[in-house]
Amino acid sequence: MSGSAPDGDEQVEWFSEPLRGIASPWREDLARRLAAVRALDRPERDVLLEAGHTALLRSLHAKLSRLFLLELHALRLARGAGAAAEPAGPEGDTRTWAAFIEQACEEGYLDKLADRYPTLGRRIAAVARMSVAATAGLAERLAADRHLLAPLLGAPAGRIRAVTFGAGDSHGGGLTVSRLDLAGGTVMYKPRPSEADVALGALLDELFADFPGAPAPQERIRVPRTLAREGYGWAEFVHHRYCSDGSELAAFYRNMGHWLAVLRFAGGTDMHAENMIASGPVPVVVDAETLFDAPAPFPPSGRGDAVDVAAAAIRRTVLRTGLLPVRGTGFALGGVDISGVGALPGQQPLIPNPVIAGGGTAAARFEVDLVAMPTAGNHPSPTPVLSAYWDRILAGFREMTAHLRRPGTDPAQLLRRFEGARARRILRPTQAYVDIGRMLWHPASLHDEAAAVERARDILRRNADVLPGAPTDRETIDGEIADLLAGDVPMFGFTVDTEAVRRTVEDWRTADFALEESVIQDALVGAYLNERSLPARVQAAADRPHARDRERRRRRLAAQLVGRLCAGAVRGTDGTATWISPVFTPAGWSIRVLPADLYTGQGGVALVLAEYVREVRAGRADEVPGVAETFDGALRVLTGTEEQTPTPSAGAFSGAASQVWTWLALHRVLGEQWPLARAAERAALLEGPLVDDDIEVDLLNGAAGGIVPLLGLAEATGQDRWLAAAAHIGRRLERLATVDAQGARWTTRLNPEGIGGFAHGATGIGWALARLALSAAGTAAERDAWQHLAGRAFAFQESLWQPGQGNWLDVRIGAEEDFFTSWCHGSTGVGLGMLDLHRRAGDPAHLDMAHRAARACAAEGFGWSHTLCHGDLGLWQFLTTLGFGDRDDLDGEILTGLEQRGPVGGLAREAFSPSLMSGLAGVVHTLLGMHRSASLPDPLLLG
């Protein structure tokens with residue numbers, strides 16, 4: 001992923017006045033260079049001069065703002081210590097600012113800073129020289145080629161009206177893709193070899209010449225018309241246009257499927273949102289420089305051979321094209337999706353962005369603001385509903401792949417046209433370069449450049465340790481640093497040759513296209529942070545449900561589905577087993593090898609396999625070959641994953657608490673003692689930063705999720721240590737609560753508005769606090785306080801009750817369903833929590849809430865997904881636990897629905913998901929628990 005966050009340093013250019021003085025000699029140099037381009041008239045040279053000068057000023061402002069702020073504060077301190085100290089307050093602040101700006105505008109200002117920043121003048125000169133050369137080079141090339149641009153414009157080029165530099169990162173000496181508005185239209189200047197764009201266009205022409213049911217020429221995928229010159233090129237400007245109706249939208253997403261197939265065939269990567277323009281029904285790839293990718297092999301993960309096999313398989317798939325949703329990791333782009341088909345509005349987290357606060361005063365400083373990612377032109381509508389067109393994308397991929405694989409087709413011949421073209425290889429994320437570049441321009445680095453360069457070397461070396469294929473040799477790393485010192489993003493290129501074509505063809509020929517299709521379907525889930533903005537669900541209740549022959553049907557379905565679960569496993573030569581699936585993380589959905597957690601991870605699947613083995617031994621389930629072996633392999637991967645990968649959160653379903661509860665549940669299912677020791681090892685994570693630094697707070701992802709598993713561990717081991725850890729979480733939840741007349745609620749990262757519900761809201765947190773108050777943790781006074789706070793949380797939930805609807809309002813911002821009945825956000829979760837507390841403490845108010853929740857659930861009924869989290873299985877568990885309704889009717893709904901529809905996932909729909917809370921493992925768990933004598937762990941209540 002090469003996209004980077006926007007640079008907030010450029011939002012308000014507070015220091016533009018002194019920078020104009022610093023850049024003045026370079027403006028004069030540029031004017032001289034432009035005057036030599038006689039084919040341009042004076043007004044055209046003036047346009048280029050202003051555009052080039054503006055680009056330089058913006059570049060310098062981004063690089064030097066921190067230095068100016070430091071010098072401003074040095075002046076403030078000096079003036080404050082002097083005899084003529086200025087008055088306090090805003091007037092004094094602005095006087096110091098004005099004095100600093102006046103000082104910085106003086107001729108020779110940079111020379112006065114040379115002692116503190118010895119390399120500053122040289123560094124600024126290098127940036128400025130490159131900027132001047134880049135602008136002058138564009139002018140010279142335009143003068144030479146203007147008469148050739150008419151085919152790209154549809155008219156003679158005419159005179160220059162405007163120039164916009166900096167469309168993207170700068171490479172190779174300050175060079176950036178730039179936009180030129182001419183009298184005859186708009187054209188894009190690409191200061192890099194463009195033969196690959198031309199070759200890709202020719203490949204598409206050949207493919208569609210005999211494509212069955214080919215769309216009209218103006219409605220098929222394409223690249224911009226391109227004029228390739230020696231070392232650079234000119235390209236047609238593609239105007240963004242939204243689709244006019246549903247048929248155009250369907251065509252657009254079918255075309256996206258075509259692109260996935262073509263890019264998989266040609267080894268394409270990095271096709272993120274900024275490289276894709278939606279032109280009505282046609283998605284146009286506007287930058288085709290990253291083709292013929294050769295994924296580097298990763299070293300063994302230490303999690304088991306199955307994980308390495310699965311990870312290698314994912315890296316070979318269409319996921320690497322960059323078109324499919326992938327959530328970023330790390331500080332700057334954590335949770336961000338920049339994919340060509342994704343990057344959906346309303347489904348992006350806010351990202352940290354440095355801005356100058358207090359500009360114009362002596363208190364000016366850098367702050368990190370949270371801002372929205374800028375929207376790109378990749379969407380075919382203002383409010384794209386990608387989930388409605390998943391089938392069109394898959395259909396387009398299938399038909400284009402079939403066309404490429406038709407008998408008589410020579411893949412090597414199709415790709416041979418690229419030989420001799422230059423291509424780019426992404427060896428490190430652009431964001432890594434951006435972060436290091438900022439560090440190298442920090443005042444401390446300008447003061448001691450040698451130390452800063454050594455830090456940069458160390459960062460790049462360590463980056464290569466976790467990013468196979470990234471450069472490791474000193475010469476190449478120093479070349480990267482040299483680019484960053486001058487303000488460029490390093491770029492690696494190669495010439496496509498016969499060997500590159502052969503490798504790409506072989507990679508495509510040996511692809512597992514069933515896996516490719518599964519990855520497409522699974523990955524599209526990743527466009528959504530959570531289900532709040534999905535379109536309305538479509539209910540499909542069972543037709544004439546019944547419970548006749550219940551036991552035979554239950555056993556047959558359970559055996560059938562556990563067999564499917566085992567068959568879907570990726571297996572290693574060492575006997576390990578894992579799965580590839582959409583998984584839910586605190587940053588949203590993403591397709592990957594299963595992590596360790598309970599919700600969509602390895603822990604939940606391993607637990608259900610253990611349950612099946614136990615139920616077979618008890619005579620309550622049918623023998624299925626391979627289940628025990630798959631459990632053993634899955635358990636080894638679970639252990640390796642916990643030991644080798646960081647645990648992302650404290651939560652009871654996605655984090656450390658989920659691991660604690662999983663091992664407690666395995667202790668109970670297996671009837672063995674060793675899982676208790678493992679549970680204690682994982683519980684130690686809940687005594688440190690995962691709790692103290694937690695920003696999720698909620699039950700599923702956050703610190704509140706740690707309470708009940710810790711109480712269970714304390715009971716199982718008799719160790720007060722775990723009661724103390726649970727009490728610590730209770731105290732933190734007290735501090736973080738927002739309490740008012742409405743009740744108590746908690747702000748979380750995904751739901752900053754503070755919401756109700758069990759998994760992410762006040763009810764679940766209140767339930768955990770109530771459980772804590774019923775334990776021996778803390779002091780008597782603290783337990784009273786936790787009980788009171790839990791009551792206020794339930795009061796907040798009750799404030800959302802709508803008598804006319806007979807349900808609690810979902811107050812999530814952007815929620816399209818106002819009244820949910822699910823475990824995660826709706827009445828099933830509220831009811832289960834309240835029923836649990838009533839059985840423990842006997843409060844009739846809790847039982848009343850449980851009965852109201854049951855009536856709300858029964859009113860909506862069955863027919864949603866077959867999931868524990870947000871579907872029929874959670875509803876079945878709640879109603880059967882409460883004894884609400886006829887048990888035969890409830891069982892019949894589940895059995896008949898599974899028989900008629902097959903297991904239907906939630907967010908992932910028909911995509912294969914092995915998970916406990918949203919996939920097949922949850923179905924198997926429910927079918928096993930349907931036996932009246934079964935006594936299984938309860939993941940919904942962590943019991």
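- Residue pairs that meet the side chain to side chain donor-acceptor pair (under 3.5 Å) test with at least one member in residues 927-943, sequence neighbours left out, are Arg668-Ser935, Gln877-Asp938.
- In this structure a side-chain-to-backbone donor-acceptor pair under 3.5 Å is missing from Trp661 to Ala652.
- Annotation: cation-pi geometry satisfied between Arg852 and Trp801 (NZ/CZ under 6.0 angstrom from ring centroid, within 45° of ring axis).
- Ser518 contributes no side-chain N or O that, together with a main-chain N or O of Ala514, makes up a donor-acceptor pair within less than 3.5 Å.
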**Message:** With side-chain contact (heavy atoms from CB on, under 4.5 Å) as the criterion, how do Phe820 and His870 come out once you've worked through the C-alpha distance, each side chain's angles and the decisive distance to 0.1 Å?
**Reply:** CA-CA 9 Å; Phe820 274 76; His870 38 265; over 6 Å; no

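- Under the 30°/60° scheme for interplanar angles, the aromatic rings of Phe884 and His851 are found to be tilted.
- Between the CD atom in Glu893 and the CG atom in Asp872 there is a gap of 7.5 Å [rounded to 0.5 Å].
- The shortest side-chain heavy-atom distance between Asp810 and Leu800 does not fall under the 4.5 Å cut-off.
- With sequence neighbours left out, Ala759 forms a side chain to side chain contact (heavy atoms under 4.5 Å, CB included) with Leu700, Trp823, Cys824.
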**Message:** Evaluate Phe653 against Leu942 for side-chain contact (heavy atoms from CB on, under 4.5 Å), listing each step before the verdict.
**Reply:** CA-CA 9 Å; Phe653 293 86; Leu942 305 171; 3.8 Å; yes

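- A cation-pi arrangement is absent between Arg398 and Phe513 under the rule of less than 6.0 angstrom and at most 45 degrees off the ring axis.
- Here CH2 of Trp390 is found 13.5 Å from CD1 of Ile520. Values are rounded to the nearest 0.5 Å.
- Within the 4.5 Å cutoff, the side chain of Ser822 has no heavy atoms near those of the Thr828 side chain.
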**Request:** Decide salt bridge (charged side-chain N to carboxylate O under 4.0 Å, His left out) for Arg682 and Glu642; before the verdict, give the C-alpha distance in whole Å, the side-chain angles of both, and the deciding distance to 0.1 Å.
**Result:** CA-CA 8 Å; Arg682 306 317 293 167; Glu642 288 179 346; 3.8 Å; yes

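- Within a 6.0 Å sphere centred on CD of Glu715, other residues, nucleotides and ligands contribute 12 heavy atoms or fewer.
- Ion pair Arg556/Glu899 flagged as a salt bridge, since at least one NZ, NE, NH1 or NH2 atom sits closer than 4.0 Å to an Asp/Glu carboxylate oxygen.
- Aromatic ring orientation, Phe758 versus Trp767: tilted (interplanar angle from 30° to 60°).
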**Request:** Could you please spell out the steps behind the side-chain hydrogen bond (donor to acceptor under 3.5 Å, both in side chains) verdict for His760 and Asn751?
**Result:** CA-CA 8 Å; His760 300 287; Asn751 298 290; 4.7 Å; no

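- Of all the heavy atoms in Val593 and Ala310, the pair that sits closest is CG2-CB, 3.6 Å.
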**Item:** Audit row: Gln742, Ser799, side-chain hydrogen bond (donor to acceptor under 3.5 Å, both in side chains) steps and yes/no
**Value:** CA-CA 6 Å; Gln742 198 175 2; Ser799 75; 3.1 Å; yes

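- The distance from the CG atom of Leu561 to the OH atom of Tyr612 is 9.5 Å, given to the nearest 0.5 Å.
- In this structure, Asp843 contributes its side chain and Ala845 its backbone to a donor-acceptor pair below 3.5 Å.
- Looking at Glu551 and Arg554, a side-chain N of the basic residue comes within less than 4.0 Å of a carboxylate O on the acidic one, giving a salt bridge.
- For the pair Phe862 and Thr896, the minimum side-chain heavy-atom distance is 4.5 Å or more.
- No side-chain donor-acceptor contact under 3.5 Å links Glu615 to the backbone of Ala934.
- Side chain of Gln602 to main chain of Ala577: a donor-acceptor pair is present (N/O by atom type, distance under 3.5 Å, no hydrogens or angles).
- Taking the charged nitrogens against the carboxylate oxygens, Asp888 and Arg550 do have a contact shorter than 4.0 Å, which makes a salt bridge.
- Contact annotation: the side chain of Gln802 never approaches that of Asn807 to less than 4.5 Å [non-hydrogen atoms, C-beta and beyond].
- Residues Tyr599 and Leu868 have side chains not in contact (no heavy-atom distance under 4.5 Å, counting atoms from C-beta outward).
- Remark: side-chain polar atoms of Asp886 are paired, donor with acceptor, to backbone N or O of Asp889 under 3.5 angstrom.
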**Message:** One pair to check against side-chain contact (heavy atoms from CB on, under 4.5 Å): Ile591 and Val583. What are the steps and the verdict?
**Reply:** CA-CA 6 Å; Ile591 182 168; Val583 301; over 6 Å; no

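- Residue Glu516 holds its CD atom at 13.5 Å from CD of Gln521, rounded to the nearest 0.5 Å.
- Phe794 and His846 have their aromatic ring centers within a separation under 6.0 angstrom.
- To the nearest 0.5 angstrom, Thr763 atom OG1 is 5.5 Å from Met849 atom CE.
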**Item:** Check against side-chain contact (heavy atoms from CB on, under 4.5 Å), Arg614 and Leu936
**Value:** CA-CA 10 Å; Arg614 191 185 81 166; Leu936 302 178; 3.6 Å; yes

**Request:** Could you give me the CA-CA distance, side-chain angles and deciding distance for Ser649 and Ser654, then say whether side-chain hydrogen bond (donor to acceptor under 3.5 Å, both in side chains) is met?
**Result:** CA-CA 7 Å; Ser649 72; Ser654 68; 3.1 Å; yes

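- Taking CG of Leu809 as the start and CD1 of Ile755 as the end, the distance is 11.0 Å to the nearest 0.5 Å.
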